[in-house]
Amino acid sequence: MAQRIYLDRKWRFNKEFSEDMINSPMEKSTLVNLPHSVVETLLSYFDESIYQMVSGYQKSIFAPTQWENQLVSLVFEGVGHSCDVYVNGKHLKHHDCGYTAFSMDITKVLKYGEENLITVKVDSRETLNQPPFGYVIDYMTYGGIYRDVYFEVKEKIHFKDVHIQPSLLERVSTSKRTPKQIKMMNVQGIIKTECSMPKRIYKLVAAERVFIRQYLDDSLLISQPVGGLEEREDGYYLSLTSAPSTVKLWDVESPSLYTVKTQLLVDDKVIDEDTVTVGFRSSEFRKNGYFLNGRRLKLRGLNRHQSYPYVGYAMPESMQRLDAKILKEELALNAVRTSHYPQSHYFLDECDKLGLLVFTEIPGWQHIGDESWQDIAVKNTEEMVIQYRNHPSVILWGVRINESPDNDKFYARTNEVAHKFDPTRPTGGVRCIAKSSLLEDVYTYNDFVHSGKNKGCAKKADITSDEEKPYLISEYNGHMYPTKPFDDEEQRQEHAIRHANVLDAIAAEPDISGGFGWCMFDYNTHKDFGSGDRICYHGVMDMFRNPKLAASVYAAFSDTETVLDVTTSFDIGEHPACNRGKSYIISNADSVKMYKNDVLIKEYFPTDSSFENLKHGPILINDFVGDAVETDGEFTKGQAKLIKRALNEVTLKGFRPTPTLAWLAFRLVVLHRVNPKKAVSIYNKFIGDWGGESREYKFEAIKNGEVVKTVTKAAVTSAHIEVKPSHTLLTELHTYDVANIRIRIVDQNDNQLFYFTRPVSFAVEGPFEIVGPKVVTPAGGATGVYIKSIGEDGDGKLTISCEGLETVTISLSVECLTK
Ligand code: GAL
């Protein structure tokens, strides 16, 4: 039976490759584990040339004699970017894509019962003639063997590939059902399977010695002799169809998964077995929107790069899965675009598990190279589709180079390949040109029209070249409003509001299938982009995945978690001329009560939001006074009403003679006889936040009549460190594990201290290593640290300290399940 043997541990690595490494053990080298990055970088201000090199990796492996009559393949899940693999001195494979897997048959070159030398030459220079290289790129393209490597040992008769195509026998509609009902719903499923097998199977089939069996979870679906093989140029194909009686739907609300186990038997003995995790769903892009299981669903997603601080692309399973969890559970999204290349299967597995829809695409950025470059892109398309088509979460293939010009000849090829290898899913292709040539099934467009004051997105009819085809926004915002976590309050708030503006605009356009904001988190980039420090501050989170204000706009879509965020600290000195201007409440509660020094000022409801198309859009705070003037006793009812309006007008718009303010002042002075000399004292008494009693604003989120969350904004009197570890039990399976610890410096009310800059230090005890520096400076009051296990079981701790703050310790453990 087939077995997979991971080879992630103990590679020798040398930053310089030389030919003599092909045949003999490397002399100068360091011992590394995979995933590995050719360099560890700084967080910012480092040059993209540092990861560009031709390096060597080497590993010696014992091949047991039991393997002698089997088929042994060597599989690399991802190597940045071009590589040559040698086994026992023999060149076996050249591969030109940093983002897809590749494998090779090493049966004939292995020495059984002996050690074997695997040498990998890895070229991570950006001068390579392959996607995404050739011109500028707005992200770093780190090098190294950064995903898993393994042996696959199989019988000579085996499945080369098994493509499972589950679908629904009949159209279902979930439109009027609650998430709970969708979860309970049973549907009639159907499974089409296409197995490819090596040519040598034919004789056995003819002799009727081969049998096929298929199970859905534990129930037997198919048991029959293999007959009727279709001969194609690369082997024999077998098509199967089975119809399990009823299954539960895979949906964003309830992603029910099943395993389909397909077995190949010769003379009654199982000789190969392939297990695929599937979901039964119908997914359709129609000209009037996207439909999942017959229900219209507005796609609400963000773009995700696969990069991390310090180690580039090289992060293990748990960190890949964490990003999917953050997108679905913290940001309440239903979709993600894996910009601008296929990403880790661990990330996709988690999307399958959580019900996060995926738009994945071929590598590339704006530039189209020469013919051989294009040939590689076509190959990349084939590899992407074959390698990712079994994931139920994938709903769309991106088969154009992101934002490239039209090129019908080239894109006819990528479209054809995608359709050939997956007849079940549509193609898209991301462009930034309106009315461009449309060979794909869905017009996917980067809409950067929103500049703050105008509408959030263009109309489909104004962009697409074929209104009969579906339309999707693949990017918005991003470079239109880069926002650092340490930018001032107005910038951070405007960033959040712009995301809300676009979401609101998309929600109002029924024929737009949805949108993917740019982007999930800040990322390191080339000199041509970003803020000069090699960072693009386009994320709704920072590089450590700490949320910015804009993250709350997305989080407020959650049906399960209560969100309450207030866009201001109420410190007027943060604003020019002390005019705070507009501030918002971001919440998905039934209502939010706002208090000033424990006196209720106003209760806000979702309907108070001016974002008409959002269920829970940001709500403008338009009352800072409440009943205070009226109950004060000094003024008549009429005077109090006008004073309140004047005070709110000044608070929102500053001390500017707006027409409204002039009209209110006229009425107060001339008609209601209020002495204009009292203006300053009235302001100081009811609004002015300096001198006197210190002010405290409290916000209570109410759900079902209960206070479920509170935010209090008051003068800062103390600070502390708040930590959010991804997990504290690190598990080593076939390689090291990493935990992410998100860190915020917050005040006595847990409000982030955006301008806190004192250094924070890390120390570990136990079987751990700190990834990156041991002393960092928080940016925007937040930072993070990654802790890596080192291959030993045990307990330990991480200590986080900062001058003047209480030290925080986190207990950590490692469990090694295999060594
Ligand atoms: C787009 C591009 C993205 C990113 C973004 C920034 O043009 O596709 O990769 O650079 O701009 O807003």
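Order of listing sets the numbers, starting from 1, for every ligand and every atom in it.
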R321 NZ/CZ over Y346 ring centroid, <6.0 Å and within 45° of normal: no
task: Look only at the side chain of T427 and the backbone of W397, and say whether a donor-acceptor pair between them is shorter than 3.5 Å.
output: no
message: Would you say the rings of Y142 and Y308 are close, in the sense that their centroids are separated by under 6.0 Å?
response: no
query: How about H499 and W518: are their ring centres within less than 6.0 Å of each other?
result: no
Heavy-atom closest pair, residues N588 and S558: ND2-O, 3.0 Å
message: For a quick check: using heavy atoms under 4.0 Å, what are the residues in contact with ligand 1, sorted by chain and number?
response: D138, H340, W365, N402, E403, N446, F448, E475, G478, H479, W518, Y523, H538
task: Would you mind checking if R742 and E330 are paired as a salt bridge, meaning a charged N to carboxylate O distance below 4.0 Å?
output: yes
